[in-house]
Amino acid sequence: MDTISTILIACVPSGVTAFCFWLIEQRIQKQGKAREAEDLKRQEAEEKREKIREQQELLLVQGVNAAITLGEATAKAVERIPDAHCNGDMHAALEYASKIKHEQRDFLTHQGVESIYDND
């Protein structure tokens, strides 16, 4: 055998090994891209759920405010009825509802201001 054929025969295993490593690398890159796409999809779904939770919280707060406002209006209307004998419980409940409404408003205002400065 001549020298060139000996060198070619010696290079064949190296070439086959290099080709196998290249195939493995391509498969790993393909799996990495698929994993990144899946992670992106999962992150988008999580962001969507978080926005829905935020909207739900907002609607709950608005519902509580509406219920308190309705309760206050009802209590004040009953107080104006001459034949209705309001006891101390009605007045206490009205004061309590008003107090809670103001505490909730103050809390939400405080949270809003904190979130403005925490996001910087």
Side-chain angles (χ1 to χ4, degrees):
M1 270 194 208
D2 63 341
T3 311
I4 295 177
S5 60
T6 305
I7 292 174
L8 288 175
I9 292 173
C11 289
V12 168
S14 297
V16 170
T17 303
F19 181 71
C20 289
F21 278 120
W22 179 81
L23 286 176
I24 292 170
E25 183 180 354
Q26 294 302 314
R27 177 175 270 171
I28 290 171
Q29 287 178 356
K30 186 177 179 181
Q31 288 175 348
K33 288 179 184 178
R35 191 175 308 123
E36 286 176 7
E38 184 179 312
D39 289 344
L40 181 62
K41 200 181 289 186
R42 189 177 305 123
Q43 184 180 7
E44 289 172 354
E46 182 62 33
E47 288 174 2
K48 184 179 178 183
R49 280 192 297 272
E50 185 63 29
K51 285 181 182 181
I52 290 171
R53 275 190 221 115
E54 287 176 13
Q55 187 175 8
Q56 180 185 14
E57 277 295 317
L58 177 63
L59 292 174
L60 283 172
V61 169
Q62 289 174 341
V64 168
N65 284 337
I68 290 173
T69 302
L70 179 62
E72 287 177 329
T74 303
K76 289 176 183 178
V78 169
E79 282 180 341
R80 289 191 294 262
I81 298 173
D83 292 338
H85 300 288
C86 296
N87 58 17
D89 292 340
M90 170 91 73
H91 298 292
L94 184 58
E95 289 175 19
Y96 179 70
S98 179
K99 176 184 170 231
I100 293 300
K101 182 172 75 172
H102 293 294
E103 285 179 4
Q104 184 182 38
R105 184 195 63 215
D106 293 342
F107 172 77
L108 293 172
T109 302
H110 179 73
Q111 292 297 311
V113 170
E114 273 187 4
S115 71
I116 289 171
Y117 289 107
D118 286 345
N119 288 335
D120 289 342

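On a predicted model such as this, the values are computed, not experimentally measured, just so you know.
When all heavy atoms of Pro13 and Ala10 are compared, the closest pair comes out as CD-O, 3.4 Å. Nearest heavy atoms, Asp2 versus Thr6: O-OG1, 3.0 Å.
For Ser98 (side chain) and Leu94 (main-chain N/O), no donor-acceptor pair under 3.5 Å exists by modelled atom type.
In summary, Glu50 and Arg53 engage in a salt bridge, as defined by a charged side-chain N under 4.0 Å from a carboxylate O. A salt bridge links Glu103 to Lys99: one of the charged nitrogens lies within less than 4.0 Å of a carboxylate oxygen. Between Glu38 and Arg35, none of the side-chain N atoms (NZ, or NE/NH1/NH2) sits under 4.0 Å from a carboxylate O, so this pair counts as no salt bridge.
A heavy-atom distance below 4.5 Å is not found between the side chains of Lys33 and Lys30.
Counting non-hydrogen atoms of neighbouring residues, nucleotides and ligands closer than 6.0 angstrom, the CD1 atom of Ile4 reaches no more than 12 such neighbours. Within 6.0 Å of atom CD in Gln55, 12 or fewer heavy atoms from other residues, nucleotides or ligands are found, so the atom counts as exposed in its surroundings.
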Task: Worked verdict on Leu108 versus Gln104 for side-chain contact (heavy atoms from CB on, under 4.5 Å) - done: CA-CA 6 Å; Leu108 293 172; Gln104 184 182 38; 4.1 Å; yes
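No donor-acceptor contact under 3.5 angstrom links the side chains of His91 and Glu95, judged on distance only. No side-chain N or O of Asp106 forms a donor-acceptor pair with one of Thr109 less than 3.5 Å apart.
Taken to the nearest 0.5 Å, the NZ atom of Lys101 stands 7.5 Å off from the CG atom of Asn65.
Partner of Val64 under the side-chain contact (heavy atoms from CB on, under 4.5 Å) criterion, out of Val61, Leu60, Ile68: Ile68 alone.
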